[in-house]
K.L.:
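After the structure tokens below, expect a handful of questions from me.
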Amino acid sequence: KRTESIQDVPISIIAMGGESLEKSGVGSAEDLTKVVPNLRINRQSQASATVIRMRGVGAAGNSAIDPSVAPFIDGVYIPRGGAILNSFLDVASVEVLRGPQGTLFGRNATTGAIQINTSAPEFDGFSGEVFGEVGNYDAYRVRGIVNVPVSDTFALRFAAMTDQYDGYYENKLDGKDYGERDANVARASARWQPSDSIDWIVRFDYAEMGGDGALPPEVSSDNSPADLVERLGNAFGPLSPDIGDPLDGTVSQLILADLDDEQTGISSDFNWDLDSGYRLRWIAAQRNWENYQLDGDVVFTGVDLLSRRGFYDTEAISQEVHLISPPDALFNGRM
């Protein structure tokens, strides 16, 4: 895990800095699919079950299944993929590694790894940034960043963002729009560098997401019986799914939806460059995630047949110690 030229690393990797991500319109983890071939990040009907796929392979990260593509934020392994959806704030760089990465990233990186690196506090002066954008469906995003050098050896950095939009699914059954999102994210970072050999960064982040959280499936009738609507009507009454254009953003289903998602995390990244040229790195982290979601009738008709409520509560604590050797220090670089 040393810094190397991407042209010298013999694996399939894409690395992008914060400025490149901004120019490419990548404002969330899900937007990475715009710029990374073979990567898919899909939220399922419940936000806690987010699937990250690399080259078509991936598992839903929830309370029972570990992800096949390992996500990392500032070197901290995130055991549940959905936790990265609200953590994409003040990003300095992103590295996406395709193919098995178990050697450096552990057993849950069988199909790849995603490293998200956030910006650290800087000592070279006070700085700030304000960003805003407005889109259709009453969407808007506002972000603010402040960097405060307290002294030559201590600096603070604060970043916050609010991201909201109304739903873009039109429900013919009740005339309402669904898919509303209301997210607020904040991160505070502190950096202490008492000498050229010691660098310690502590980060605390908080994220909340509300709205209806609805992700209603649109039905395609291309391979269905011609009398599908009639059959559904006989079974469930006159209220049947919309099986017109599956990409028109309209549905006809009973939708009972509510989402309440809250995440907190704290991480410590301590680096000590020893006189011998070796580096000792200690990464400690704790992340809590509480998610409640009602995603309504899971049969997706106009009748309340089977409603589902999801209660999700997870706590992850991790400790890593790295001893990084200088290049060519052991057996002429073979170890």
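Note that the numbering runs from 1 along the sequence shown for the chain. Any value given below was found using the heavy atoms of this structure, including those in side chains, with hydrogens, waters and symmetry copies removed.
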K.L.:
Please check if any side-chain donor atom of Gln164 sits under 3.5 Å from a side-chain acceptor atom of Thr162, or the reverse.
P.N.:
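Judged by distance alone, the side chains do pair up.
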
K.L.:
With a 3.5 Å cut-off and sequence neighbours excluded, list the donor-acceptor pairs that the side chains of residues 122-130 form with protein atoms.
P.N.:
from	atom 1	to	atom 2	distance (Å)
Glu129	OE2	Arg143	NH2	3.1

K.L.:
Answer yes or no: is there a donor N or O on one side and an acceptor on the other, between the side chain of Asp212 and the main chain of Gly179, under 3.5 Å?
P.N.:
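Checked: pair present.
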
K.L.:
Arg53: what forms a side-chain hydrogen bond (donor to acceptor under 3.5 Å, both in side chains) with it, not counting sequence neighbours?
P.N.:
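Scan of Arg53 (side-chain hydrogen bond (donor to acceptor under 3.5 Å, both in side chains), adjacent residues dropped) gives none.
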
K.L.:
Have Ser268 and Trp282 got a donor and an acceptor in their side chains that come within less than 3.5 Å?
P.N.:
no

K.L.:
What verdict does the side-chain contact (heavy atoms from CB on, under 4.5 Å) test give for Val26 and Phe88, after you've listed the backbone C-alpha separation in whole Å, the side-chain angles of each residue and the deciding distance to 0.1 Å?
P.N.:
CA-CA 9 Å; Val26 178; Phe88 209 86; 3.9 Å; yes

K.L.:
Taking atom types as modelled and ignoring hydrogens, do the side chains of Asp177 and Tyr137 form a donor-acceptor contact shorter than 3.5 angstrom?
P.N.:
no

K.L.:
Would you check if Leu215 and Asp295 make a side-chain contact, meaning some heavy-atom pair closer than 4.5 Å?
P.N.:
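Answer no - side chains too far apart.
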
K.L.:
For a quick test of reading the model, state the closest non-hydrogen atom pair linking Val35 to Ser24 and the distance between them.
P.N.:
CG1-CB, 3.7 Å

K.L.:
Do Arg157 and Ser189 have side-chain N/O donor and acceptor atoms under 3.5 Å apart?
P.N.:
no

K.L.:
Check each of Thr314, Asp313, Asp261, Thr264 against Trp289 using the side chain to side chain donor-acceptor pair (under 3.5 Å) test, and report the only one that passes.
P.N.:
Asp261

K.L.:
Under a 3.5 Å distance rule, please check whether Arg191 uses its side chain to pair with a backbone N or O of Pro121 as donor and acceptor.
P.N.:
yes

K.L.:
Please examine the side chains of Ser267 and Phe204, heavy atoms only from C-beta on, and report whether any two atoms are closer than 4.5 Å.
P.N.:
no

K.L.:
Is the closest basic N to carboxylate O distance between Arg203 and Asp74 below 4.0 Å?
P.N.:
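So Arg203 pairs with Asp74 through a salt bridge.
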
K.L.:
Report the residue from Arg98, Met54, Arg55 that forms a side chain to side chain contact (heavy atoms under 4.5 Å, CB included) with Val69.
P.N.:
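Answer after filtering Arg98, Met54, Arg55: Met54.
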
K.L.:
Rounded at 0.5 Å granularity, tell me how far CD in Gln101 sits from OG1 in Thr110.
P.N.:
10.5 Å

K.L.:
If only side-chain N and O atoms count, and only distance matters, is there a donor-acceptor pair under 3.5 Å linking Arg309 with Tyr292?
P.N.:
yes

K.L.:
Asn271 and Asp269: side-chain donor and acceptor closer than 3.5 Å?
P.N.:
yes

K.L.:
Taking all non-hydrogen atoms of both residues, which atom of Pro67 and which atom of Pro79 are closest, and how far apart?
P.N.:
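Pro67 and Pro79 have their closest heavy atoms at CD-O, 3.1 Å.
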
